[in-house]
Number of protein chains: 2
Amino acid sequence: MENQDVKQEVTDKYSLRGRVFHRIREDILNGKYKDHEELKEVAIGQELGVSRTPVREAFRQLELEGLIQIIPNRGAYVTGIKVKDIQDIYMIRSKLEGLCARWACEHITKEQLEEMEENIYLAEFHAARGHMEQMAELDNRFHNILYESCNSKMLEHLLKDYHQYVWRVRQQTLSSSRGAVSNVEHKFIMEAIKENNPDKAEELANQHMINAYENMLDKGLLELYEQ
Amino acid sequence: MENQDVKQEVTDKYSLRGRVFHRIREDILNGKYKDHEELKEVAIGQELGVSRTPVREAFRQLELEGLIQIIPNRGAYVTGIKVKDIQDIYMIRSKLEGLCARWACEHITKEQLEEMEENIYLAEFHAARGHMEQMAELDNRFHNILYESCNSKMLEHLLKDYHQYVWRVRQQTLSSSRGAVSNVEHKFIMEAIKENNPDKAEELANQHMINAYENMLDKGLLELYEQ
DNA sequence: GATAGTATGATTGTATACAATTATACGAGT
DNA sequence: ACTCGTATAATTGTATACAATCATACTATC
């Protein structure tokens, strides 16, 4: 099954459709294409140097991810990131990361635990020096390890999706002072998993998300996405 | 935004792609296409009387839903329903239906509450007479009302997806004696929402899913999907 | 007989051509 | 001036043609 992801990456890298899909996805998430903007097949095809076919296939996928809305015989329109959606995702993730941490207690491998410890150790180093970019990357990686350690492809896939979705906001959040605090929370979560305490791990992961969310609110970071 | 769903239905009904998508989806979920079976574009196109283009677009969507796996330049292979996936989904849904019920306390409309009451009342009637088909439909509808009442398009969409995914299993479960019990649980959930008690509503919805899951295990209904 | 290499056929990936639908502009009628 | 209808342009929906890739079978070589 890990195979599938590898294959997927290969697809995305070498097929035009995959490249178009990821490119448009990025452009929407990064704000190049604004809310309600119309995406035209030929225009995007020309911009990327491909025909309409791979563009259309990419559109179908983007629609299923909720990033665009396709109206039959009319066109594809960007569905921008809504503040409400981000809020909802944080609450949903709160529950699911809790579940993920709970399952991780039983299924995490020695290698994954070691990588977590290394991750946290490294993050302490970079936090002390204010290396924001590295912090963001390490945070990213910590959560991905957690997702992979729960032994559920379903949950892993779901959480990775949401994680991606709020990536931009998250990066800004971590660029604030929360980086160090967040890392300490990671440490507690890891320790709970290590001592195989599912209730504690769940509760901590739960709270970790809520803290991140409230920090975001406090800092007014969501206003960037106000409509 | 409710508009979007309507538009989507129109697409699915009138576009070839939408029809192909739903048809293949059904066929996979209903077991016509077995696990690991290869789906060939031309064959399916001929069977449905369309060209490869709409079939390919449908494939891309099915891949994103995880129902098929596309290996570049090789083909599309059915990813059958795994027992593990169903188990995971029930646990994920347990958490999310809880969250949904919690949010419903604040956001449910008078109309939705009335439809819920009617639903439960009707279900009592059919449960007493052993009308399994109606019970399944009413259960379906109850959960959909709940999803729609939480005021979160994100959560609603997610829960509806999962609900669909385990539809077959669920129907079998309800065809057993649990129908009446399940309806009583619905009643309690509704009452908790009605009296605006989020903690209680969440806990009850939570447990409702776990009960459904354990009933499924007890009855050995998952063995139908054993690989 | 086993294996490596090659040729052939099947299948997918992409581009393009044509059909259907929708939006826009223009003009006639009031 | 306004509205309705029609013509035209733009855009998407679908089908098909061609290119690239992969699987299979056959043959030559050891």
Side-chain angles (χ1 to χ4, degrees), chain A residues 3-4 6-25 27-28 33-34 36-79, chain B residues 3-4 6-25 27-28 33-34 36-79:
Chain A
N3 216 0
Q4 184 172 351
V6 177
K7 287 275 174 47
Q8 192 56 43
E9 273 171 38
V10 175
T11 316
D12 295 347
K13 205 163 178 180
Y14 292 117
S15 82
L16 295 186
R17 169 184 62 82
R19 286 217 296 272
V20 173
F21 173 71
H22 278 92
R23 172 64 179 277
I24 301 177
R25 194 177 196 274
D27 285 346
I28 292 177
Y33 298 129
K34 306 236 160 29
H36 299 114
E37 187 169 341
E38 183 173 2
L39 299 181
K40 286 169 193 166
E41 296 175 356
V42 280
I44 290 182
Q46 280 183 347
E47 193 181 322
L48 303 181
V50 299
S51 80
R52 285 174 55 209
T53 309
V55 176
R56 281 180 62 83
E57 292 183 1
F59 275 19
R60 300 305 168 231
Q61 297 188 303
L62 290 165
E63 184 188 28
L64 225 62
E65 287 218 334
L67 285 171
I68 66 175
Q69 174 187 4
I70 296 177
I71 303 178
N73 294 311
R74 284 262 299 274
Y77 301 88
V78 174
T79 303
Chain B
N3 217 2
Q4 184 171 349
V6 176
K7 287 276 174 48
Q8 191 57 42
E9 272 170 38
V10 174
T11 315
D12 296 348
K13 206 164 177 180
Y14 293 116
S15 82
L16 295 186
R17 168 184 63 82
R19 288 216 296 273
V20 173
F21 174 71
H22 277 92
R23 172 64 178 275
I24 301 177
R25 195 176 196 273
D27 285 346
I28 293 177
Y33 299 128
K34 306 237 160 31
H36 300 113
E37 187 169 341
E38 182 173 1
L39 299 181
K40 286 171 192 164
E41 296 173 357
V42 280
I44 289 182
Q46 280 183 345
E47 193 181 322
L48 303 181
V50 299
S51 79
R52 285 174 56 211
T53 309
V55 175
R56 281 180 62 82
E57 291 182 3
F59 274 18
R60 302 301 170 235
Q61 297 188 302
L62 289 165
E63 183 187 29
L64 224 62
E65 286 218 335
L67 285 172
I68 66 176
Q69 176 186 3
I70 296 177
I71 303 178
N73 293 313
R74 282 264 298 276
Y77 301 88
V78 174
T79 304

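The sequence lines fix the lettering, A, B, ..., with proteins before strands; numbering per chain opens at 1.
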Whichever of Glu41(A) and Val50(B) has its nearest DNA chain D nucleotide further upstream toward 5': Glu41(A)
Distance test, side-chain N/O of Arg56(B) to OP1/OP2 of dG13(C), below 4.0 Å: yes
Within-4.5 Å side-chain heavy-atom neighbours: Arg23(A) and Leu48(A): yes
Residue met sooner reading DNA chain C from 5', once Glu38(B) and Thr53(B) are mapped to nucleotides: Glu38(B)
Nearest-angstrom distance from the residue atom CZ of Arg17(B) to C1' of dG13(D): 10 Å
Length of the NZ-C1' vector between Lys40(B) and dT21(D), whole Å: 16 Å
Side-chain donor/acceptor of Arg74(A) to base of dG13(D), under 3.5 Å: no
Any Arg52(B) side-chain nitrogen or oxygen under 4.0 Å from OP1 or OP2 of dA10(C): no
Side chains of Phe59(B) and Ile44(B) in contact at under 4.5 Å (non-hydrogen atoms): yes
Nearest-nucleotide 5' precedence on DNA chain C, Ala76(B) against Pro54(A): Ala76(B)
Side-chain N,O (Ser51(B)) to OP1/OP2 (dA15(D)) below 4.0 Å: yes
Side-chain heavy atoms of Arg17(B) within contact of Arg56(A), under 4.5 Å: no
